[in-house]
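Residue numbers start from 1 in every chain, and the chains themselves are labelled A, B, ... in the order their sequence lines are given, proteins ahead of strands. Since the model is a prediction, treat every value here as computed from it, not as a measurement.
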Number of protein chains: 2
Amino acid sequence: MQMKAPAVTPTGLKAACSQCNLRELCLPFGLTGEEIDRLDALVATRRKVRRQHHLYSAGAPFEAIYAIRTGSFKTDVLLEDGREQVTGFQMTGEILGLDGISSETHSCNATALEDSEVCVIPFAQLEDLSRQVESLQHQFHKVMSREIVRDHGVMMLLGSMRAEERLAAFLLNLSKRFMARGYSPAEFHLRMTRDEIGSYLGLKLETVSRAFSKFQDEGLVAVHQKHIRIIDLDGLRQLLTHCAKRP
Amino acid sequence: MQMKAPAVTPTGLKAACSQCNLRELCLPFGLTGEEIDRLDALVATRRKVRRQHHLYSAGAPFEAIYAIRTGSFKTDVLLEDGREQVTGFQMTGEILGLDGISSETHSCNATALEDSEVCVIPFAQLEDLSRQVESLQHQFHKVMSREIVRDHGVMMLLGSMRAEERLAAFLLNLSKRFMARGYSPAEFHLRMTRDEIGSYLGLKLETVSRAFSKFQDEGLVAVHQKHIRIIDLDGLRQLLTHCAKRP
DNA sequence: GTATCGGTTTGATCCAAGTCAACCCTTGCT
DNA sequence: AGCAAGGGTTGACTTGGATCAAACCGATAC
């Protein structure tokens, strides 16, 4: 019988980017060994976040950005009337919290989809160091810009694609990101519910479910609850470019 | 009979942030006089962009970001099959080109909605200077973060709002931005077509037109082609929060 | 003046996705 | 084992916005 752990725990452990196998995906990318050591000095702590708990919430003061070490998160914004829009799903090596810089206050919620661990990167110190380390500065700018480009992709998806195209794009995106992390691009486990996928894609959960079933019927993927196996990667890709060719 | 000017013209004029009445909205915000002078030294040229012409296009190499001095722009991404998604409308004091940082290549098109002028800010030099000038570094980070937050707002709009809510949100947003620039928040001229508004809002132009007509019938706004007068600002706001309360 | 053209409005119909509702899995708890 | 609860699937029906089509308006060109 285990003690209920608090939602967010400082582990006290040093983050040690230099030892981290995610460094090629994360903020240390492109840094020399010596530069990474300086970044290490600044990434003082890790923090565990239990499933369903917030890493930060909208309105909370902004102090740090976070690099995901293990696990995964969703970010969402809420309307006064309770409508939720999931703005993204983040996995290991990705950076959370950039939304907070503009107003010194977080503008969205970041929620762990499974028990997860992040590296805490105090923002003021990151700015200090990136004034000294050019490659860090540049990589940080790239990370922010990548987020902007990603957001534009989501707008494209939400504004111009049909339900099945959206889901195909979503699956292909996940596949690519799992592959980049050394996992199978063809077989993976979804950490989010149909409802959350729907919110992200601007669809209702029933529509997501139907699209999954349709893909399964057409032999594109094998769906078993949250377990996904992509059978016909090219078929999915064609759904995006080709099916789009509808007049 | 005037000579046809080229689409994009270097004017040779110094940009002179220190003299610019937009500096409170733009990159120089929060900088001391001396710091602004250093920024001036870097913002070497202005460039004129004629209506309907690109400031940059998707795929073009990234070298600089741009601050809008006069006029306005749209940014859009295109799908292979020709579908267009407008990702934003930018006005004076706003920064264009941040999408290019991540891959050294622009990922969207920026098109002038009217004859416009931008300040060219060479990016490598901006990074150099922002390593020396803390307040510039911080302001630049805020500008990027603001773009991310804005994008999340658009996702909310595209993913969770109904047609009329989207248009109301759009008008309120324009109103706020005109006000911030010293123009009337209640009466303004749209620089974009119904089709472009539709693309931005994830709607067809007919739907945009119908929503405008409905607002007019309800006495919320007076619409005369591209001329807009907001009659009932609170009514529009309620459309957003209240009408959202529909079960 | 009249023609032309891009953009806008309005009407009539259609359909993709939403809604409502029932049922079916898993998984975890007693 | 049995039950409850939270997801997920599937079906029947509704609807908001898309589509198609026609007319309208305000510019500029002739």
Specify the separation, in whole Å, of atom [atom1] of [X] and atom [atom2] of [N].
X: A:Arg194; N: C:dC25; atom1: CZ; atom2: C1'; value: 12 Å
X: A:Gln225; N: C:dT27; atom1: CD; atom2: C1'; value: 11 Å
X: B:Leu167; N: D:dG16; atom1: CG; atom2: P; value: 17 Å
X: A:His227; N: C:dT27; atom1: NE2; atom2: P; value: 13 Å
X: A:Lys214; N: D:dT10; atom1: NZ; atom2: P; value: 14 Å
X: B:Leu113; N: C:dG7; atom1: CG; atom2: P; value: 12 Å
X: B:Leu203; N: C:dA16; atom1: CG; atom2: C1'; value: 15 Å
X: B:Arg162; N: C:dG18; atom1: CZ; atom2: P; value: 12 Å

Exercise. Crowded around A:Lys176 NZ? As in, over 12 foreign heavy atoms under 6.0 Å?
Worked result: no
Problem set entry | Sub-6.0 Å ring centroid separation between B:Phe188 and B:Tyr183 | no
Exercise. How about A:Lys74 and A:Glu84: do any of their side-chain heavy atoms sit closer than 4.5 Å?
Worked result: yes
Among [options], which is the nearest nucleotide to the side chain of [X]?
X: B:Val223; options: D:dG8, C:dA17, C:dT9; value: C:dT9
X: A:Ser209; options: C:dA17, D:dT9, C:dT8; value: D:dT9
X: A:Thr207; options: D:dA18, C:dT8, C:dG18; value: C:dG18
X: A:Glu206; options: D:dG16, D:dT10, C:dT8; value: D:dT10

Exercise. Which part of the nucleic acid, if any, lies within contact of B:Gly202, taking any heavy atom under 4.0 Å across all strands shown: a base, the sugar-phosphate backbone alone, or nothing?
Worked result: sugar-phosphate
For this session: Run the numbers on B:Arg237 and B:Asp234 for salt bridge (charged side-chain N to carboxylate O under 4.0 Å, His left out), then give the verdict.
Result: CA-CA 5 Å; B:Arg237 288 207 192 96; B:Asp234 272 333; 2.9 Å; yes
Problem set entry | Phosphate contact (C:dG7 OP1 or OP2) by B:Lys226 side-chain N/O below 4.0 Å | no
For this session: Report yes if at least one side-chain N or O of B:Ser213 is closer than 4.0 Å to OP1 or OP2 of C:dT10; otherwise report no.
Result: yes
Exercise. Under 3.5 Å, is there a donor-acceptor pair between the side chain of A:Tyr56 and the main chain of A:His106?
Worked result: no
For this session: Could you tell me whether the side chain of B:Arg210 has a donor or acceptor atom within less than 3.5 Å of a complementary atom in the base of D:dT19?
Result: yes
For this session: Let me know, please, whether A:Val208 or B:Phe212 comes out on the 5' side of the other along DNA chain C by nearest nucleotide.
Result: B:Phe212
